[in-house]
Amino acid sequence: MATERYNPRDAEPRWQQKWNEAKVFETDNADPREKYYVLEMFPYPSGRIHMGHVRNYAMGDVVARYKRARGFNVLHPMGWDAFGMPAENAAMERGVHPASWTHQNIDSMKSQLKAMGLSLDWTREFATCDVEYYQHQQHLFLDFLEKGLVYRKQSKVNWDPVDNTVLANEQVIDGRGWRSGALVEQRELTQWFFKITDFSQDLLDALETLDQWPDKVRLMQKNWIGRSEGLTIRFEIVPQTAPAGETEVTVYTTRPDTLFGASFLAIAADHPLAKDAAAANPALEAFCEECRRAGTSLAALETAEKKGMDTGIRVKHPLDSSWELPVYIANFVLMDYGTGAIFGCPSGDQRDLDFARKYGLPVVPVVMPKDGDAATFTIGDTAYDGDGVMINSRFLDGNTTDEAFKIVADRLSGTMLGNVPQGERKVNFRLRDWGISRQRYWGCPIPVIHCDACGVVPVPKKDLPVKLPADVTFDQPGNPLDRHPTWRHVACPTCGKDARRETDTMDTFVDSSWYFTRFTAPWEGVPTDPAVATRWLPVDQYIGGIEHAILHLLYSRFFTRAMRETGHVDVKEPFKGLFTQGMVVHETYSRGSGTIRDWVAPADIRIEEIEGKRRAFLLDGGEEVSIGSIEKMSKSKKNVVDPDDIIASYGADTARFFVLSDSPPERDVIWSEAGVEGAHRFTQRLWRLISEASDALASITPNPAKDGEALSISQAAHKTLKAVQNDYDKLWFNKAVARIYELVNTLSGPLAKVAAGEGDVAYCAAVRNAAEILVQLVAPMTPHLAEECWATLGNSEMLARTAWPVYDEALVVENDVVLPVQINGKKRAELTISKDADQNAVTQAVLKLDAVINAMNGQAPKKIIVVPQRIVNIVV
RNA sequence: GCGGGCGUGGCGAAACUGGUAGACGCAAGGGACUUAAAAUCCCUCGGAGCAAUCCUUACGGGUUCGAUCCCCGUCGCCCGCACCA
């Protein structure tokens, strides 16, 4: 029978409303079934959702719907990472208040997300800028403070001397402020820090337990935490060269074995010794200034040319007091890592070698590879930083690097300088405490009060929340809280005298470090219901971009530990399973080049293939534009595709299906019009096949065939079910799609046959069983279409409430295997043989194959390799 | 600069991570149906060759009976680098 085309504009809102009315996706904390918490990283409300969001949320939704069908009590919430700089920028540029800008954006993005048909529990929604959320964050801050997990210290910020404001790293471009263009300076401010370093060892050790995280993320975190075992060594300053009051300098090294290769010490520009030396030497002072102008970003620092300046200070070599080494100030030595001072061994470290060559310092090889020759081993332009055997190192010669490490550590631990050992073994971490102070308005206020008499006083919990004042202006740079007429003036909670509120707000990473915990009971009057939070956590499957691999995830891991220590939850790790998805990328199109280059949006062009070459033309006027590289979708390059447009023309199911189908989820997906059309054709094809057969199937009870002509149909369906189930468990959406395509191809003949009124009851029952399995397999990806198919097959219960099908073991077993037969590694034949044939039987059968006899040409086989169930290789 | 990752037909990819390289989809070409178009259906489709066959997983080496997969080196692209989110 002829049926109408599937119309997503009709079906999608209809099913969304039905799900909504039946509250299918609202989660009950009291539901006794096994829990499953699936979460996608919540979005920043920038205004519109983009394809990256569609991909992220489509993946999470497949998992949520699949797990729900498998019988889990699924929690799948959504919220908004709503504090941050863009809202303040909008306020400055367009005069809109950050709050109204943010809420408008949330409204439009929410309606876009709703149009996607996501199985979200919207009753738990919140935005981090809601006082109902951030007041609890202030509560947590106070608990952390009480527990000693928060402290203040001096720390550097990027300062724009023209705008008189603090700049984020991304606002510093080539060392200048992004708006003023002024050279950025570093300024010291007293700021709040979370003691993430209290957990350095635990955060490192527990990575082992996160076996459902990608190895690359664990490795990145491990390197970020950066545990090293080394030695602090105190160098005595040669008195005649010492600035007043200075007698020694302490370095941290992981390579004390190379001490005889030392040719200089390098200290950070902020090192106290550097400051003393600079005070008496204008050239040094100028150099330190130059170092400070680099901004606070490590990347900028390390890509800059390595520079240093001799301070004139000399230190005594710890193993030979007659040997003096120069002390340099160097722009690549950081005050916050180790002791802010290093010794340079040019032969064993590339950076030290470059430095030594530049400033004419000695290069003495002290380690050579095990098989090297000490007489001829030299260092040219490449340092040798590997393990090996000590040379040119007096009493260390001939020892391995490991042995030398121990010898030096032992000797220096036993040598006294003053009354203290000159060397001390030390475990060091690269991880630094988390600075959370931001000199900005649009963030969570830090709940403390500064009193001249009492010092820093926490806001009492009964006085929470500390609300952001709404009446602020953005007509000048800087933090509006600082210049607000009344907000900051407050009575000291301790002594009652006039005092001042802290005007810094919290880093927005704080907001996103516990939102997943708040989702478990967002209605609570305290940060969490500890029992509920403990039951829901950890998040079983967390999905988001790889760009968050380090900071967001590490901060969340810290926060969960800190909340545990303060009694808000009793789990250690927030995310059991982590999946990092790739980006959505698109071709770029442009006119002109260089500074007059003009980017063109994909919606404004058409692509033609002329003599095998793809060319792009403007829709308006037909001018040819050049096709550029494929890049991350961005506003500046205009290579964005608005999900709204796609949903309007093809429907949400097509958009969802496409972003899941083409590429492996962890890899980037290239958005292409042709690909979307292909996905759309699939949805139409599925609808046509099912709906045409539905009249014949609706009255038949589904039943898989155990024999007869329908057996292969049932086998195909049940094998696909088993395979796709596994794909969904592993988040291999693209593989699931390929298998579903295959099943559709297999079923198209039988469905057409049934639609034509052919086939007996047993046949129809098998086809209906297979068709239902097919519909249930696609349901997590294209839920609206699946509901429509499900209903047309005669089912009265919603598919969203239907349990996942169970495959029949008897239909998925294989009795025979097809073994490829290789001769000298090249495939020459195939052998079909019983699955449990032993090695001998396989060998005999293979040698009887015509193709093998021909190919061997009468030669005797030298060796026959039989890999059970896999392959046979004959070596001739 | 440092840390992490990726690279397979015209394109997105698959290959149960040492065992048939290119499943499935897109694009393209041919055919059927149609007055015509759309839609749909069928066939072809990595390269060379009439063929047998040979070549082919960024590039260059290595280990192995056998390498997309493991090892060494080179190139290109992407992510992060602590105040973007």
Side-chain angles (χ1 to χ4, degrees), chain A residues 5 41 43-44 46 81 83-86 157-158 166-172 214-217 219-224 226 296-306 332 336 350-351 431-440 507-509 512 545-552 554-555 580 582-583 585 609 612-614 629-632 661-664 666-670 672 674-679 681-682 684-685 688 723 726 734-735 737-742 745 748 752 818-830 862-865 867 870-876:
Chain A
R5 278 170 67 81
M41 291 179 186
Y44 179 79
S46 55
D81 190 11
F83 274 137
M85 290 202 306
V157 294
N158 301 307
V166 177
L167 298 176
N169 282 338
E170 71 157 11
Q171 297 173 321
V172 179
D215 287 341
K216 63 177 171 187
V217 174
L219 187 55
M220 280 191 261
Q221 292 217 348
K222 183 182 172 204
N223 291 338
W224 185 262
T296 59
S297 135
L298 186 59
L301 209 64
E302 294 213 351
T303 41
E305 191 194 346
K306 308 290 177 286
F332 56 85
D336 355 327
Q350 192 60 44
R351 195 172 57 182
L431 182 66
R432 309 199 298 255
D433 277 332
W434 175 13
I436 60 151
S437 295
R438 297 291 180 273
Q439 296 69 40
R440 276 179 241 293
D507 179 7
T508 58
F509 270 123
S512 54
I546 184 71
E547 66 272 21
H548 295 294
I550 297 175
L551 291 181
H552 163 59
L554 196 60
Y555 290 153
T580 55
M583 294 181 297
V585 294
E609 192 158 309
K613 193 168 181 280
R614 291 176 73 251
S629 60
I630 292 168
E631 296 186 39
K632 180 175 174 172
S661 65
D662 242 24
S663 291
E666 69 280 5
R667 221 186 277 183
D668 291 349
V669 65
I670 300 176
S672 73
V676 181
E677 277 167 18
R681 261 200 304 278
F682 170 80
Q684 291 295 344
R685 182 173 183 221
R688 190 163 20 80
N726 180 50
N734 59 320
K735 295 185 198 178
V737 167
R739 284 189 232 280
I740 287 168
Y741 270 117
E742 280 179 289
N745 290 341
S748 64
V818 178
L819 293 180
V821 179
Q822 295 183 331
I823 293 171
N824 290 337
K826 294 270 179 201
K827 188 198 164 193
R828 286 292 127 98
E830 270 180 1
K862 210 154 132 197
K863 190 173 172 189
I864 298 178
I865 297 149
V867 184
R870 279 284 158 82
I871 203 166
V872 181
N873 190 13
I874 304 171
V875 185
V876 187

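In what follows, chains carry the letters A, B, and so on, assigned in the order in which the sequence lines appear, proteins first and then strands, with residues in each chain numbered from 1. The shown structure was predicted, so the numbers you read here are calculated from the model rather than taken from an experiment.
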Original post:
Between B:A13 and A:S663, is there an OP1 or OP2 to side-chain N/O distance shorter than 4.0 Å?
Top reply: yes
Subject >> A:N158: side-chain hydrogen bond (donor to acceptor under 3.5 Å, both in side chains) partners, not counting sequence neighbours >> reply: A:N169, A:T296
Original post:
Can you name the residues that form a salt bridge (charged side-chain N to carboxylate O under 4.0 Å, His left out) with A:R432, not counting sequence neighbours?
Top reply: A:D336
Original post:
Syn versus anti for B:G9, judged by chi lying within 90° of 0?
Top reply: syn
**OP:** Carefully, step by step, assess A:I865 and A:I871 under the rule side chain to side chain contact (heavy atoms under 4.5 Å, CB included).
**Re:** CA-CA 8 Å; A:I865 297 149; A:I871 203 166; over 6 Å; no
Subject >> Non-neighbouring partners of A:R438 that pass side-chain hydrogen bond (donor to acceptor under 3.5 Å, both in side chains), sequence neighbours left out >> reply: A:D507
**OP:** Kindly say if A:K222 contacts the phosphate of B:G3, meaning a side-chain N or O under 4.0 Å from OP1 or OP2.
**Re:** no
Between the protein and nucleotides 38-45 of chain B, list every N/O to N/O distance that falls short of 3.5 Å.
residue, atom, partner, partner atom, Å
B:C41, OP1, A:R685, NE, 3.2

Original post:
Could one point to a donor on the side chain of A:Q171 or the base of B:C84 with an acceptor on the other under 3.5 Å away?
Top reply: no
Original post:
OP1 or OP2 of B:G12 less than 4.0 angstrom from a side-chain nitrogen or oxygen of A:N734, does that happen here?
Top reply: no
Subject >> Euclidean distance for C1', B:U57 against B:C11 (whole angstrom) >> reply: 16 Å
Original post:
Rounded to whole angstroms, how far apart are CZ on A:R351 and P on B:G3?
Top reply: 11 Å
Original post:
Expressed in angstrom and rounded to an integer, what is the separation of A:L554 atom CG from B:C81 atom C1'?
Top reply: 13 Å
Short heteroatom pairs, N/O only, protein and nucleotides 6-9 of chain B, under 3.5 Å:
residue, atom, partner, partner atom, Å
B:G7, OP1, A:R667, NH2, 3.3

Set out, line by line, the N/O atom pairs under 3.5 Å between protein and nucleotides 53-57 of chain B.
residue, atom, partner, partner atom, Å
B:C54, OP2, A:R828, NH2, 3.4

Subject >> Separation of B:G22 C1' from A:E742 CD (nearest whole Å) >> reply: 13 Å
Original post:
In chain order, what residues pass the salt bridge (charged side-chain N to carboxylate O under 4.0 Å, His left out) check against A:R739, with sequence neighbours excluded?
Top reply: A:D727
Subject >> Results of side-chain hydrogen bond (donor to acceptor under 3.5 Å, both in side chains) for A:D81 - residues two or more places apart only >> reply: none
Subject >> Set of residues satisfying side-chain contact (heavy atoms from CB on, under 4.5 Å) with respect to A:P43, sequence neighbours excluded >> reply: A:H53, A:Y57, A:M78, A:W80, A:M109
Subject >> Residues forming a side-chain hydrogen bond (donor to acceptor under 3.5 Å, both in side chains) with A:E830, sequence neighbours excluded >> reply: A:K827
Subject >> Aromatic plane relationship, A:H552 with A:F509 - under 30° parallel, 30 to 60° tilted, over 60° perpendicular >> reply: parallel
Original post:
Rounding to a whole Å, what distance do you find between A:H548:NE2 and B:G4:C1'?
Top reply: 16 Å
Original post:
Going from CD1 on A:I864 to CD1 on A:I874, what distance comes out if it is rounded to the nearest 0.5 angstrom?
Top reply: 5.0 Å
Original post:
Any donor-acceptor pair under 3.5 Å between the side chain of A:R739 and the base of B:C24?
Top reply: no
**OP:** Could you encode protein contacts along nucleotides 66-71 of chain B as a string, one character per nucleotide from 5' to 3', using B for base contact, S for sugar-phosphate-only contact and - for no contact, with a heavy-atom cut-off of under 4.0 Å?
**Re:** ------
Original post:
Pairing of RNA chain B as dot-bracket, 5' to 3': ( ) intra-strand, [ ] crossing, | other strand, . unpaired, with Watson-Crick or G-U pairs under 3.5 Å?
Top reply: (((((((..(((......[....))).(((((.......))))).(((....)))..(((((..]....))))))))))))....
Original post:
When the nearest nucleotide of RNA chain B is assigned to A:S661 and to A:I436 on a heavy-atom basis, which residue is associated with the more 5' position?
Top reply: A:S661
**OP:** Could you check whether A:T508 gets within reach of a base, just the sugar-phosphate, or nothing at all, counting any heavy atom under 4.0 Å?
**Re:** sugar-phosphate
Subject >> Residue mapping more 5' on RNA chain B - nearest nucleotide basis, A:V875 or A:M220 >> reply: A:M220
